[in-house]
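These notes concern the structure reproduced below.
Throughout, protein chains are lettered first and strands after them, A, B, ... in sequence-line order, and every chain is numbered starting at 1.
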Amino acid sequence: MSQEPQTEEVRSCFLSNKQFEKLFEILYGLDYEVIGPIIDQGAITYDRLTSVNDLPRGWTDVQEPGKYRLQERDDDALFGYVVGPHSWKKHLFPPVSTLSVADRTEEGWQFSEVEEDRPKLAFLGVRACELAALKIQDRVFLGGAYVDPIYQGRRAETLIIAVNCTQAAATCFCTSMNTGPRCQSGFDLALTELTDGFVVEVATPAGETVIQALKTQELSDEQLTQASAARQQAVDQIERELDTTDIHDLLMSNLESSHWDDVAERCLSCTNCTMVCPTCFCSSVEEVSDLTGDHVERQRMWDSCFNMNFSYMNGGLVRNNIRNRYRQWLTHKLATWIDQFGTSGCVGCGRCISWCPVGIDLTQEVAAIRKDGET
Amino acid sequence: MNSCSATTGGDGNSANNPWLPQSAVIRSISAEVRDVATYQLALTDPAAAAAYRFQPGQFNMLYVPGAGESAISMSGNPETHDSLLHTIRFAGNVTRSIAGMKVGDTLGLRGPFGTSWPLESCVGQDVILVAGGIGLPPLRPVIYRLLAERQRYGRLHLLYGARSPEMRLYTEEYEQWSEGGLDVRQTVDRSSPGWHGNLGVVPLLLERLPAFDPARTVLMICGPDLMMRFTARAALQMGMTAEQIWVSTERNMQCAVGLCGHCQLGPEFICKDGPVFRYDRISPYMKVEGL
Ligand SMILES: Cc1cc2nc3c(=O)[nH]c(=O)nc-3n(C[C@H](O)[C@H](O)[C@H](O)COP(=O)(O)OP(=O)(O)OC[C@H]3O[C@@H](n4cnc5c(N)ncnc54)[C@H](O)[C@@H]3O)c2cc1C
Ligand code: SF4
Ligand code: SF4
Ligand code: FES
């Protein structure tokens, strides 16, 4: 699935709004569980969808450092929002999962795996920056000598229906990270929303199977022009920038910068930035026993380098203050990630900026370090 | 998706699911010094037991259900294939639970994991092993191998520092090691009655080594971070290069295979890029406080 498609080569067609409603039945018919945007507790999150009516029709999100709020649109757009606090990672790398089970027997401890029922997942509404994040997590969990079986099992059957952004939030900086706003690869289908329907790019056989089941039309020149104008609107709206020139060396040669102390005065070490980040993968393992202690499960839970105990060792903490923890996060995300996985750990989605309660903005932190470094 | 097909794991026995422990039985337990004992373990699955191999410097994750896992190096002879030795200091939750176990009890085991000491680059060279405290167990497999192939190497030294004479590990083996051609030198932080040996930190032993030829020496260090840095610094001052020095680093570990993020030190994952590193690669990060 999601074989690296070339945008130039993929087939495109038009899908009317009426036909789009049928997409859900088609996906269920193919045994997919559909995950997509819904409104929950004042934010757009990704969860199970039952029909087109679950989509946030006519809503958008307004984002700024430390701020996120929903606002009504003056049209009926289904995908007229940008990105919310959730990312797709929670469906592939669940916040809690059972790694192994231990049972006490006559012959001692027996260890086994848990049979997870692995639903076929269809992700609807994946943005370009999120496609990039998926590729990064693929590298982390599948690209090394050891593969994470939970991620692998869920990822293998995932169908990806991407949506090109037609507007950007004030927190977006995908253009700096070369990850968007146009969906280039890593999807089965990609949609560009117009008022009366969608321009669809079909990139893989799995995508073709879905689209064959629907009635599509040949694209008109006008539709092509409209789609491209809609996508250009997102490009034009992106204001935020992160200058990535030599960023690895910039950060790694400024590990003792006084700027880290400055961030530490503001950062609450609340972990929000890591929880909302679509690429962060840190986790911890806990023991969960039944009452007798004869049946024990090992559970993996999301963790964060901002948590105190994360670096606990020999009775002490390696990163014993916020300065060290923010430094770990930023240098990992933007610099050492490149050493480890050959790519930045940041896709420019801006979530960490919106969801930081004190509005810390990594693009500004990097700019400040760059400025310090020059003087 | 291309990367999905890359399912072959590393050299571990649980390659298909790196999270799944195997069952291992305690065959024997020998007390070493206060709060330290050596456990002889055998994998209960005969096929897995027969297939298990490790390189000196590698480690296992030992698992006590309900208590958790700990990274513990192999401390036995890598040529012994029917069982495994682990020398464990009872430091906290998991290791204390192990301390409460007896012969015949089972625990979980994942591994072997991590990089190993550079024995191949030692051929034709002098080798100096420097250990501090519980840093000796991860170097003992190196000693067994060096002595088994004694003629392949030049002069062999072990410089061992312990807190006190009573805390020295494996004292009953020193004579055999010396006879095999390993020069064993010891020092303690605190003396006690009957001790006539060296007093002071390990780097002193290095500085006092006679006939030390920095150009043809490989140095392997295992102990607390600070001890490793001071020893490496002394070696550098004596004319060795960072490329000839190797250290075994320690961090909190949860997955041991690069999936959980816990063990990071700068760009390195201690679990899979280490624990054994060439000093020039890791020293820039060992020096940064709180990294
Ligand atoms: C590669 C590697 C090889 C090791 N080999 C040995 C060995 O051969 N023998 C031996 O006795 N110990 C060894 N250790 C150290 C051992 O893993 C820790 O002492 C371990 O924490 C003890 O586990 P515990 O659960 O009993 O302690 P915990 O309850 O986890 O805590 C005990 C103390 O150790 C600290 N700690 C937690 N995790 C680590 C860690 N990974 N490393 C160091 N301290 C930690 C805690 O802060 C605490 O103070 C090794 C560690 C690593 C990383
Ligand atoms: S670091 Fe921030 S902007 Fe970058 S991918 Fe993570 S949440 Fe998005
Ligand atoms: S940077 Fe902001 S979101 Fe991240 S830990 Fe600090 S206060 Fe929380
Ligand atoms: S211990 Fe999990 S990444 Fe190294």
Side-chain angles (χ1 to χ4, degrees), chain A residues 1-4 99-100 102 104 107-113 138-149 152 155-156 158 252 255-256 280-287 289 293 296 298 300 303 305 310-315 318-321 323-324 327-328 331-332 335-336 338-340, chain B residues 1-12 14-25 44 63-69 91-92 104-110 113 224 250-262 264-269 272-273 284-285 288-291:
Chain A
M1 299 214 168
S2 316
Q3 299 281 350
E4 309 276 299
L99 297 172
S100 68
R104 205 195 297 269
E107 290 86 49
W109 288 105
Q110 298 292 318
F111 304 98
S112 52
E113 299 173 273
D138 285 352
R139 250 187 241 201
V140 171
F141 288 120
L142 309 173
Y146 293 93
V147 164
D148 186 80
Q152 185 184 35
R155 182 72 173 97
T158 306
M252 295 314 279
L255 293 174
E256 304 288 9
C280 275
F281 61 90
C282 286
S283 63
S284 285
V285 182
E286 277 185 30
E287 299 292 300
S289 299
V296 182
R298 305 209 79 206
R300 169 172 76 183
D303 203 342
C305 55
F310 196 75
S311 65
Y312 188 70
M313 195 179 93
N314 290 332
V318 176
R319 297 184 203 106
N320 54 358
N321 56 40
R323 168 194 183 272
N324 295 345
R327 179 180 66 186
Q328 169 62 22
T331 55
H332 184 221
T336 52
I338 301 170
D339 298 304
Q340 297 170 345
Chain B
M1 221 195 44
N2 303 332
S3 41
C4 260
S5 54
T7 50
T8 40
D11 48 355
S14 35
N16 293 330
N17 182 355
W19 291 109
L20 182 67
Q22 307 196 51
S23 167
V25 61
T44 22
Y63 174 41
V64 182
E69 278 189 336
D105 284 352
T106 54
L107 38 70
L109 183 154
R110 300 191 290 130
F113 296 124
E250 218 181 282
R251 279 283 156 135
N252 185 320
M253 287 191 192
Q254 308 250 322
C255 70
V257 290
L259 297 173
C260 78
H262 270 267
Q264 294 182 73
L265 174 54
E268 313 293 354
F269 288 101
K272 63 171 183 178
D273 305 323
Y285 312 108
V288 181
E289 174 104 23
L291 195 63

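Of the listed residues (A/Ser284, A/Ser311, A/Ser283), just one forms a side-chain hydrogen bond (donor to acceptor under 3.5 Å, both in side chains) with B/His262, and that residue is A/Ser284.
With contacts defined as side-chain heavy-atom distances shorter than 4.5 Å, the pair B/Gln254/A/Asp303 does not qualify.
Of all non-hydrogen atoms in B/Gly261 and A/Cys282, the two that sit nearest each other are CA-SG, 3.7 Å. Nearest heavy atom pair, residue B/Leu259 against residue A/Val140, reads CD2-O, 3.6 Å. Closest approach of A/Trp109 and B/Ser23 over heavy atoms only: O-OG, 3.3 Å. The minimum heavy-atom distance between B/Trp19 and A/Val285, with the atom names listed, is CZ3-CG2, 3.9 Å. B/Pro267 and A/Asp339 get closest at one heavy-atom pair: CB-OD2, 3.3 Å. A pairwise comparison of heavy atoms in B/Val288 and A/Glu256 identifies CG1-OE2, 3.6 Å as the closest pair.
Heavy-atom distances place the side chain of A/Arg327, and not its backbone, under 4.5 Å from chain B. Looking at A/Asn320, neither its backbone nor its side chain comes within 4.5 Å of chain B, counting heavy atoms on both sides. Only the backbone of B/Glu289 comes within contact range of chain A, with at least one heavy atom under 4.5 Å from a heavy atom of that chain. Only the side chain of A/Asn314 comes within less than 4.5 Å of a heavy atom in chain B; its backbone stays farther off. For A/Arg104, no part sits under 4.5 Å from any heavy atom of chain B, backbone or side chain. Of the two parts of A/Glu113, the backbone and the side chain both hold a non-hydrogen atom closer than 4.5 Å to a non-hydrogen atom of chain B.
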Please test B/Arg251 against A/Val318 for side chain to side chain contact (heavy atoms under 4.5 Å, CB included), starting from the C-alpha separation and ending with a verdict.
-> CA-CA 9 Å; B/Arg251 279 283 156 135; A/Val318 176; 3.3 Å; yes

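Taking the ring axis of A/Phe111 as reference, the NZ or CZ atom of B/Arg110 does not stay both within 45° of it and closer than 6.0 Å to the ring centre.
When each of B/Ala91, B/Gly104, B/Gly266 is scored by its heavy-atom pairs under 4.5 Å with chain A, the top score falls to B/Gly266. When each of B/Pro224, B/Ala67, B/Gly258 is scored by its heavy-atom pairs under 4.5 Å with chain A, the top score falls to B/Ala67. Looking only at heavy-atom pairs under 4.5 Å with chain B, the residue among A/Met252, A/Glu287, A/Met313 that has the most is A/Glu287.
Distance CG/B/Asn17 to CD/A/Gln152: 10.0 Å, rounded to 0.5 Å. Note that SG of A/Cys305 and CD of B/Gln264 are 8.0 Å apart. Values are rounded to the nearest 0.5 Å. Here B/Thr106 contributes atom OG1 and A/Glu107 contributes atom CD; the two are 9.5 Å apart, rounded to the nearest 0.5 Å.
Between B/Phe113 and A/Tyr146, the ring-plane angle classifies as perpendicular under the 30° and 60° cut-offs.
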